[in-house]
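All residue numbers in this chain count up from 1 along the given sequence.
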Amino acid sequence: MEDLLNLDLTPYTNSFIAEYIWIGGSGIDLRSKSRTISKPIEHPSELPKWNYDGSSTGQAPGEDSEVILYPQAIFKDPFRGGNNILVMCDTYTPQGEPIPTNKRHRAAEIFSNKKVVDEVPWFGIEQEYTLLQTNVKWPLGWPVGGYPGPQGPYYCGAGADKSFGRDISDAHYKACLYAGINVSGTNGEVMPGQWEYQVGPSVGIDAGDHIWISRYILERITEQAGVVLSLDPKPIEGDWNGAGCHTNYSTKTMREEGGYEAIKKAILNLSLRHKEHISAYGEGNERRLTGKHETASIDTFSWGVANRGCSIRVGRETEKQGKGYLEDRRPASNMDPYVVTALLAESTILYEPTLEAEALAAQKLSMNV
């Protein structure tokens, strides 16, 4: 079995395997199936569209179950190797309409808007996740039915009593680099059994594609390791950190000289659309955004320099340089990156509040713009 799984087909055939990947009916589950492709391709548009049974994924009724997959982005397959590929797809009706769970379609519209294109939006996404034991759904390394020592020694820690799941984190790191995902780092998190990796900087729609494929690769690695992946924003109640997906964001104007003023203007806009963002930032996020454990309260918008207890954090270096980026700390670990990145671009580039609303927001946030 091992020899067959590692078999390199390249010397024997021009055909290769494309793994078509899409988002299922819950909006967070990933599905995939394989297809043989018989000729070389350079762009996803050269791949054939495909269909699947949407009634089995909660995306279509049984009497009209066909959903069409449109290939959108290609990555190298770290599991099969060779010329084989992973294909990120989005989902449509046979008539060509995006189905409700297809959030990529709307994001692509926003990122193709000329105003947004001209601002070259960069994203750096910090994906936190928790590893659970298979049968008991309790964090990896924790005594079954019990608790480890309090948080403190686990963050970026080393040692058998502090670090649980490093092999999975490292395997994932290398697999993402092999696939062509712009993964920029990884670390152990505050809660034992919890990890983080960072993807970016990525421009526009690429950020969503890279996060979704990186999640798929992580699902496959944990499947092989016999460990359960959880993106629950608060997997363990009590005095334990939750799991977020902090999103670092900048525009061309923010990165240029005098960009700090554009950052403050963006923060004003984000304060005015706080409810819209919170409602789209992940299921169960109210259990995480409590004002404790390095979070802001879900009900109150706040910002600050170097303050991890705020909704939006600005780094010391950004303040010092007068240009840079902001960090949105509100998104939950199970957020849809297409939704979050598109919403950030929409709120800071396309949204135009009234002068009165801006003035009130500036006064409330004690911000001079």
Review point. OH/Y129 to CG/L231 distance, rounded to the nearest 0.5 angstrom?
Key: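 Taking OH in Y129 and CG in L231, the distance rounds to 10.0 Å.
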Review point. About how many Å separate CG of L132 and CG of L140, when rounded to the nearest 0.5 Å?
Key: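 Separation between the atoms: 8.5 Å.
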Check your understanding: Do D232 and S230 have a side chain donor and acceptor closer than 3.5 Å?
Key ->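 Short answer, no.
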Please tabulate, for the side chains in residues 77-86, all donor-acceptor contacts under 3.5 angstrom to protein atoms that are two or more places apart in sequence or on a different chain.
from	atom 1	to	atom 2	distance (Å)
D77	OD1	F79	N	2.8
D77	OD1	R80	N	3.2
R80	NH1	E19	OE1	2.8
R80	NH2	E19	OE1	3.2
R80	NH2	S34	OG	3.0
N84	OD1	I17	N	2.7
N84	ND2	G81	O	2.8

Review point. Salt bridge or not for K292 and D239, using N-O below 4.0 Å?
Key: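 The answer is no: the pair does not qualify as a salt bridge.
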Review point. Between S347 and R273, does any side-chain donor sit less than 3.5 Å from a side-chain acceptor?
Key: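 On atom types as modelled, these side chains qualify, holding a pair under 3.5 Å.
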Check your understanding: Around E42, counting heavy atoms of other residues, nucleotides and ligands shown, do more than 12 lie under 6.0 Å from its CD?
Key ->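 It does not: E42 CD has 12 such atoms or fewer within range.
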Review point. Is it true that K115 and E352 make a salt bridge, defined as a side-chain N closer than 4.0 Å to a carboxylate O?
Key: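 The answer is yes: the pair qualifies as a salt bridge.
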Practice item. Drop me the distance from E196's CD to S333's OG, to the nearest 0.5 angstrom. Key: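 Reported value, rounded in 0.5 Å steps: 11.0 Å.
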Check your understanding: Side chains of H293 and T295: do they bring a donor and an acceptor to under 3.5 Å?
Key ->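 H293 vs T295: no donor-acceptor pair found between side chains.
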Exercise for review: Could you go through the salt bridge (Lys or Arg N to Asp or Glu O under 4.0 Å) check for E128 and R288 one step at a time?
Suggested key: CA-CA 13 Å; E128 294 179 347; R288 168 181 161 263; 5.6 Å; no
Review point. Any ion pair linking E257 and K323 (charged N to carboxylate O, less than 4.0 Å)?
Key: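 Yes, charged N to carboxylate O under 4.0 Å.
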Exercise for review: Output, in order, the C-alpha distance, side-chain angles, deciding distance and verdict of side chain to side chain contact (heavy atoms under 4.5 Å, CB included) for S163 and W195.
Suggested key: CA-CA 10 Å; S163 179; W195 292 83; 3.5 Å; yes
Check your understanding: Nearest heavy-atom pair of A361 and L272: which atoms, and what distance?
Key ->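 So the minimum-distance heavy-atom pair works out to CB-CD2, 3.9 Å.
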Review point. With the threshold set at 4.0 Å, does a side-chain nitrogen-carboxylate oxygen contact exist between K265 and E358?
Key: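 The answer is yes: the pair qualifies as a salt bridge.
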Review point. Going by the angle between their ring planes, with limits at 30° and 60°, are F123 and F111 parallel, tilted or perpendicular?
Key: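 Judged by the thresholds at 30° and 60°, the geometry between F123 and F111 is perpendicular.
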Point to revise | Ring geometry between F164 and Y154 (parallel below 30°, tilted from 30 to 60°, perpendicular above 60°) | key: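 Because their plane-to-plane angle lies in the 30° to 60° range, the rings of Y154 and F164 count as tilted.
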Check your understanding: Would you call the rings of H105 and Y92 parallel, tilted or perpendicular, where under 30° means parallel and over 60° means perpendicular?
Key ->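 Perpendicular.
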Exercise for review: Report the C-alpha separation of I23 and L30 in whole Å, then their side-chain angles, then the decisive distance to 0.1 Å, and conclude whether the side chain to side chain contact (heavy atoms under 4.5 Å, CB included) test is met.
Suggested key: CA-CA 5 Å; I23 299 158; L30 284 161; 4.2 Å; yes
Exercise for review: For the residue pair Y338 and I205, establish whether any side-chain heavy-atom pair is separated by less than 4.5 Å.
Suggested key: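 In contact.
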Check your understanding: Could you give the distance from CG (L344) to CG (L270), rounded to the nearest 0.5 Å?
Key ->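 Reported to 0.5 Å precision, the distance equals 6.0 Å.
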Check your understanding: Is it true that R308 and E327 make a salt bridge, defined as a side-chain N closer than 4.0 Å to a carboxylate O?
Key ->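 The answer is no: the pair does not qualify as a salt bridge.
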Check your understanding: Are side-chain N/O atoms of N241 and E294 paired as donor and acceptor at under 3.5 Å?
Key ->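 On atom types as modelled, these side chains qualify, holding a pair under 3.5 Å.
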Review point. Y20 vs W50 aromatic rings, parallel, tilted or perpendicular, using cut-offs 30° and 60°?
Key: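 It falls in the perpendicular class, over 60°.
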Check your understanding: Under 3.5 Å, is there a donor-acceptor pair between the N102 and W22 side chains?
Key ->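 There is no such pair between these side chains.
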**Study point:** Between T101 and Q59, a side-chain donor and acceptor under 3.5 Å
**Key:**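 Yes, side-chain donor-acceptor contact under 3.5 Å.
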